[in-house]
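For reference, the structure discussed in these notes is given below.
Naming convention: chains lettered A, B, ... in sequence-line order (proteins, then strands); numbering from 1 in each chain. Reckoned from all heavy atoms, side chains included, excluding hydrogens, waters and symmetry mates.
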Amino acid sequence: MPELPEVETLCRQLKKVIVNTEVQELVILDSKLNHVGRLVGWQILSVRRRGKFLELGFENGEILNLHLRMSGRLLWQRHQDALPVHTRFQISFSKGRIICIDPRRFATLSLQKRQDGSPPIADPLKNFHAPSLRKTAQGRRLPVKSFLLDQNTIAGIGNIYACEILHRASISPWRKAGSLSFKEWQRVAAAGLSILRKATACRGTSVSDWLDLHGKKGEYQHHLTVYGRAGCACPHCGEKVQRMVLSGRGTYFCPSCQK
DNA sequence: CGAACGACCTGTTCGC
DNA sequence: TGCGAACAGGTCGTTC
């Protein structure tokens, strides 16, 4: 479920509750996630987001890498409330605990040593500009939507926001990435920046079950123009929004605005 | 290089 | 109502 704005929301909220605190206990409740080191007694120095990954940095140089994939979410519990169904692990601190709830069990957790010189990920919240987008897309024949979803190119955009960005930019998801003009990339960049910023400010999109670290819904679902709205009127031109499948993903677009 | 598909999992919604 | 199919925010690997 979580895309960039949702992971960024968790990152900001986690910083406030766990930085400079020490892990008291790690409990793994899913056999797929076993063998994730010890953590107990380690102090957390930093919480960062790389694309859709969350990275907890410890004072000893270790980094805990968490990816929530499709259905994972995190919840902060101040008291020892009952564990919700599908809780996959918990990390306890003196002030409370983080629990990870993940019905589909796709989420991954791993421990790594800090890697100096790991390549910086192009982050759409900070760096999403027409010149670099056009340069990276040069000669690429894949659909522009697949290009936006490629985490090796731009990290953090997922299916919801790819649909929304292309709609705002009035570009068909099927256009070959290499065929967009500079002006079109400018529209993509402007749409991307504004949509991702707004969605982050809204603490994400709660389209079915996304909740933030404190169990609150996001607000961006009230701003969606095409995602999940097949048959509804395009807010721009009134044409009916369509759903089609593009490389296996449900793709929502306005056939009139996005030729 | 890229498209298509299956895997990984489980829950919810849709259509008959 | 019941039941199976389709679908879901992500990614990886294989085959064509």
Side-chain angles (χ1 to χ4, degrees), chain A residues 1-11 28-34 49-54 65-75 84-89 100-110 121 124 136-167 172-179 192 195-196 198-200 202-213 216-231 241-252:
Chain A
M1 74 172 70
E3 305 183 31
L4 183 150
E6 290 76 23
V7 180
E8 178 67 20
T9 297
L10 288 176
C11 182
I28 304 283
L29 300 161
D30 182 343
S31 55
K32 285 177 77 180
L33 302 175
N34 277 343
R49 177 183 61 78
R50 288 172 63 83
K52 296 172 196 168
F53 283 88
L54 274 175
N65 234 277
L66 171 63
H67 197 304
L68 295 166
R69 308 280 168 151
M70 292 284 269
S71 62
R73 64 186 194 88
L74 296 179
L75 180 66
V85 278
H86 310 313
T87 300
R88 304 305 179 192
F89 65 85
C100 175
I101 304 158
D102 181 24
R104 293 176 72 178
R105 303 174 64 207
F106 288 164
T108 54
L109 191 63
S110 69
I121 282 183
T136 317
Q138 188 109 47
R140 311 242 359 225
R141 309 181 61 79
L142 81 174
V144 61
K145 182 184 178 223
S146 307
F147 176 82
L148 293 179
L149 288 174
D150 177 358
Q151 301 298 301
N152 296 308
T153 309
I154 310 155
I157 296 178
N159 203 32
I160 293 180
Y161 298 110
C163 292
E164 292 295 311
I165 289 168
L166 289 171
H167 177 254
S172 162
W174 283 269
R175 288 275 305 280
K176 309 275 182 219
S179 78
I195 286 171
L196 292 172
K198 171 81 174 173
T200 303
C202 286
R203 298 181 346 281
T205 300
S206 292
V207 101
S208 70
D209 53 7
W210 157 254
L211 299 172
D212 71 11
L213 188 64
K216 278 179 64 182
K217 279 190 175 190
E219 298 291 340
Y220 197 75
Q221 63 276 18
H222 305 305
H223 302 275
L224 295 176
T225 55
V226 287
Y227 184 85
R229 301 178 56 81
V241 171
Q242 271 191 28
R243 176 188 184 277
M244 295 188 73
V245 174
L246 194 170
S247 53
R249 314 295 306 276
T251 297
Y252 298 86

*Counting only side-chain N and O atoms of A:Lys176, is one of them less than 4.0 Å from OP1 or OP2 of B:dG2?*
no

*Distance, C1' atom - from C:dT1 to B:dT10, rounded to whole angstrom*: 23 Å

*For the pair A:Arg140 (side chain) and A:Lys176 (backbone), establish whether a donor and an acceptor sit closer than 3.5 Å, ignoring hydrogens and angles.*
no

*Could you tell me the separation between the CG atom of A:Asp102 and the P atom of C:dA8, rounded to a whole number of Å?*
18 Å

*Could you tell me the separation between the CZ atom of A:Arg88 and the P atom of B:dC8, rounded to a whole number of Å?*
16 Å

*Would you indicate which nucleotide in B:dA3, C:dG10, C:dA8 comes nearest to any side-chain atom of A:Arg243?*
C:dA8

*Would you indicate, yes or no, if B:dC8 has its OP1 or OP2 atom less than 4.0 angstrom from a side-chain nitrogen or oxygen of A:Lys32?*
no

*Just call it for A:Ser146: base, sugar-phosphate, or nothing, with non-hydrogen atoms closer than 4.0 Å on any strand.*
nothing

_Between P on B:dC1 and CD on A:Gln138, what's the gap in Å once rounded to a whole number?_
14 Å

*With a 4.0 Å cut-off on heavy atoms, is A:Asp209 in touch with a base, just the backbone sugar-phosphate, or nothing at all?*
base

*Identify the nucleotide, in any strand shown, that forms a Watson-Crick or G-U wobble pair with B:dT12, with both distances under 3.5 Å; if there is none, say none.*
C:dA6

*Roughly how far apart, to the nearest Å, are B:dC8 and C:dC3 at atom P?*
27 Å

*Check whether any side-chain N or O of A:Gln151 sits under 4.0 Å from OP1 or OP2 of C:dT11, and answer yes or no.*
yes

*Looking only at atom P, what distance separates C:dG13 and B:dC9, rounded to whole Å?*
15 Å

*Using purine N1 to pyrimidine N3 plus N6-O4 or O6-N4 for Watson-Crick, or N1-O2 and O6-N3 for G-U wobble, both under 3.5 Å, which nucleotide pairs with B:dC1?*
none

*Residue A:Phe106, side-chain atoms from C-beta onward, closest of B:dG11, B:dA3, C:dG10*: C:dG10

*Is the backbone N or O of A:Gly250 less than 3.5 Å from a side-chain atom of A:Asn159, with the two atoms forming a donor-acceptor pair by type?*
yes

*asked:* Measure NZ/A:Lys145 against P/C:dG10 and give the value in whole Å, please.
replied: 9 Å

_Least distance between heavy atoms, A:Leu211 atom then A:Arg73 atom_ = CB-NH1, 3.6 Å

*Please give, in whole Å, the distance from C:dT11 P to A:Arg249 CZ?*
8 Å

*At under 4.0 Å, does any side-chain N or O of A:His67 touch on OP1 or OP2 of C:dG10?*
no

*Take atom CG of A:Leu68 and atom C1' of C:dG10, then tell me their distance rounded to the nearest Å.*
11 Å

*Answer yes or no: does a side-chain N or O of A:Arg105 lie under 4.0 Å from OP1 or OP2 of B:dT10?*
yes

*Nearest-Å distance, CD1 (A:Ile157) to P (C:dG10)?*
11 Å

_Heavy-atom pair of closest approach, residues A:Leu246 and A:Pro173_ = CD1-O, 3.6 Å

_N/O donor-acceptor pair under 3.5 Å between A:Arg88 side chain and A:Asp102 backbone_ = yes

*In whole angstrom, give the distance that lies between atom CH2 of A:Trp174 and atom P of B:dA3.*
12 Å

*Between A:Arg104 and C:dA8, does any side-chain N or O lie under 4.0 Å from OP1 or OP2?*
no

*Expressed as a whole number of Å, how far does the P atom of C:dA5 sit from that of B:dG6?*
14 Å

*Are any of A:His86's side-chain N or O atoms less than 4.0 Å away from OP1 or OP2 of B:dT10?*
no

*Is A:Tyr227 touching bases, backbone alone, or none of the nucleic acid, heavy atoms closer than 4.0 Å?*
sugar-phosphate

_Looking at every heavy atom in both A:Thr108 and A:Leu33, which two are closest together, and how far apart are they?_
CA-CD2, 4.3 Å

